[in-house]
Amino acid sequence: MLQISRIRSEKENIATALKKRGWDDSQLDILNRVIALDDDRKSVQSATDELLSRRNQLSKEIGNLFKSGKASEANEAKSEVETLKTTIATNETKMSAIKEDIEAILLSIPNVPNILVPNGLTESDNEITKDWTTTLPELPESALPHWELGKKYDILDFELGVKLTGAGFPVFRKKGSRLQRALINFFLDEANNQGYEEIVPPLLVNEDSAKGTGQLPDKEGQMYHVTKDGLYLIPTAEVPITNLYRNDIVREDELPIKLTGYTPCFRREAGSYGSDVKGLNRVHQFDKIEIVQIVHPDKSYETLDQMVGYVETLLTKLELPYRILRLCGGDLTYASALTYDFEVYSAAQKKWLEVSSVSNFETFQSNRLKLRYKNAEGKNQLAHTLNGSALALARIIAALLENNQTDEGIKIPEALRKYTGFDILN
RNA sequence: GGAGGAAUGGCAGAGCUGGUUUAAUGCACUAGUCUUGAAAACUAGCGUGCGGCAACGUACCGGGGGUUCGAAUCCCUCUUCCUCCGCCA
């Protein structure tokens with residue numbers, strides 16, 4: 001959520017930037033509308049504050065008058081307050097209506113894209129900032145996609161998942177389970193080595209948390225909702241981990257705050273279909289290690305680059321061919337100012353699979369979260385928040401299985417062997 | 001699930017027979033004095049949002065609603081925590 005003060009002071013820049021998201025002039029007019037509403041709010045509030053001030057003053061006098069036995073004067077003051085009260089009540093009703101309107105508009109405005117965000121509205125406009133195309137692995141004709149390999153080695157069973165739950169809930173078995181756990185431990189150890197504090201958060205969150213990181217109201221249909229208790233299954237560890245600092249004011253010297261956590265992630269993926277959803281490409285439950293940083297505003301883009309660099313080291317250690325995309329305005333998620341997507345090449349499918357998304361949210365989340373730090377002058381400022389997948393497991397497994405298949409079995413990358421306990425999966 | 005008690009500013013903890021409390025006091029914290037330095041002592045400052053250039057005004061005592069001229073204080077409701085009982089990894 002943008003701050004109204006920022007819309008006031010940077011309206012033109014914001015408008016220009018939002019055009020990258022495909023906003024036209026008529027949509028941009030809500031910037032003017034929200035400023036006008038805020039003007040109304042200010043004038044109503046000033047008027048109301050004055051009335052309240054008068055009421056408080058009179059109430060004090062009434063108390064004193066009664067004490068000194070001047071009942072008739074007290075009753076006179078009382079009746080004045082009575083008339084004040086009705087005006088105050090109408091003002092307050094008016095003000096809460098205005099505030100609701102402002103809030104609704106602010107919630108409907110996505111984050112302002114950074115200057116680096118490429119123009120364009122579709123996937124094809126994403127800018128490839130790093131590409132391995134020349135060195136893509138070549139597999140023999142007999143190469144199998146990961147869902148076939150899963151059957152062949154009895155490590156991955158989609159039918160059993162359907163039996164237990166439904167489509168998109170795969171079951172891992174035998175060395176597949178072990179591989180899953182190995183990846184989780186590998187990613188967590190790497191993150192710990194980089195100074196990220198490990199968190200084990202709840203997997204269900206309340207509405208306030210879902211709002212804090214922007215899942216609500218934007219992605220309501222994508223989350224599993226436990227209506228009986230008003231809770232949501234987390235679509236990513238970002239939600240509970242970032243909300244750890246909701247409504248907090250931290251000391252400037254506590255920044256940067258670096259957090260990581262492994263959780264299963266639950267996504268309804270409503271409306272998905274086709275070959276994109278086959279096998280592990282898109283599932284309703286998958287495991288992910290998330291990294292989150294809360295940083296000083298001056299440092300957030302530097303931090304974004306560091307986080308991108310960190311995710312690169314993971315993919316390099318796993319020996320997977322990857323490319324990095326800088327998302328264009330149309331592909332940028334609602335809350336993000338700048339996002340880099342990582343895609344891994346899945347050789348048997350001949351497909352690029354998104355395995356990580358690293359974003360800078362600037363103050364978009366922190367404004368909603370009320371996540372501030374106290375600066376040197378003692379003033380409270382919104383911090384910047386960032387997060388990234390490091391990494392999402394299901395698609396990594398798909399790529400590992402496909403790219404590393406040999407006649408003897410699946411070769412496990414060197415870096416992972418101490419975690420799996422085997423060099424080859426067969 | 002049942003019965004009782006509680007929720008106050010970073011922490012502790014008054015106020016809770018409604019009116020100089022727009023929240024005492026202590027600790028912690030910040031700055032200064034003193035000191036070779038530190039500690040101690042002393043002095044001052046020290047919650048958040050909104051409006052305002054400022055002075056200042058206003059709102060916030062778990063959330064929401066109500067009574068009243070006036071609510072941290074009374075009433076209703078929700079949430080959370082504690083104690084006891086029941087059930088249970």
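Scope of the values below: all heavy atoms of this structure, side chains included, with no hydrogens, waters or symmetry mates. We name chains A, B, ... by the order of the sequence lines, and we start the count at 1 in each one.
Taking 4.0 Å as the cut-off between side-chain N and carboxylate O, A:Glu414 and A:Lys317 do not count as a salt-bridged pair.
Figure legend: cation-pi geometry between A:Lys288 and A:Tyr262 absent, as NZ or CZ is not positioned both under 6.0 Å from the six-membered ring centre and within 45° of its axis.
Residue contacts shown for A:Lys99 are absent, as no nucleic acid heavy atom lies under 4.0 Å away. Using a 4.0 Å heavy-atom distance criterion, A:Arg372 is classed as a sugar-phosphate-only contact.
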Indicate every side-chain donor-acceptor pair of residues 379-396 of chain A with a distance under 3.5 Å to a residue at least two apart or in another chain.
unit_1   : atom_1 : unit_2   : atom_2 : d
A:Asn380 : OD1    : A:Lys374 : NZ     : 3.1
A:His384 : ND1    : A:Ser300 : OG     : 2.8
A:Thr385 : OG1    : A:Gln365 : OE1    : 2.7
A:Asn387 : ND2    : A:Glu238 : OE1    : 3.2
A:Asn387 : ND2    : A:Glu238 : OE2    : 3.3
A:Ser389 : OG     : A:Ser357 : N      : 3.1
A:Arg395 : NE     : A:Asn281 : O      : 2.6
A:Arg395 : NH1    : A:Glu354 : O      : 2.7
A:Arg395 : NH2    : A:Asn281 : O      : 2.9

What does the 5'-to-3' dot-bracket notation of RNA chain B look like when only Watson-Crick and G-U wobble pairs under 3.5 Å count, and pairs to other strands show as |?
((((((((.[[[..)...(.....]]].(((((.......))))).(((((....))))).[[[[[..)....]]]]])))))))....

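Dashed line: the shortest gap from a side-chain N or O of A:Asn56 to OP1 or OP2 of B:A59 is under 4.0 Å.
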Show each protein N/O and nucleotides 17-21 of chain B N/O combination with a separation under 3.5 Å, one pair to a line.
unit_1 : atom_1 : unit_2  : atom_2 : d
B:G19  : N2     : A:Ser59 : O      : 2.6

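With no hydrogens or angles considered, a side-chain donor-acceptor pair links A:Gln349 and A:Ser346 at under 3.5 Å.
Side-chain atoms of A:Glu197 and A:Lys258, non-hydrogen and from C-beta on, never get closer than 4.5 Å to each other.
Between the side chain of A:Glu82 and the base of B:C69, no donor-acceptor pair of N or O atoms lies under 3.5 Å.
The distance from the CD1 atom of A:Ile155 to the CZ atom of A:Phe172 is 8.0 Å, given to the nearest 0.5 Å. Note that CD of A:Glu290 is 12.5 Å distant from CD1 of A:Ile199, once rounded to the nearest 0.5 Å.
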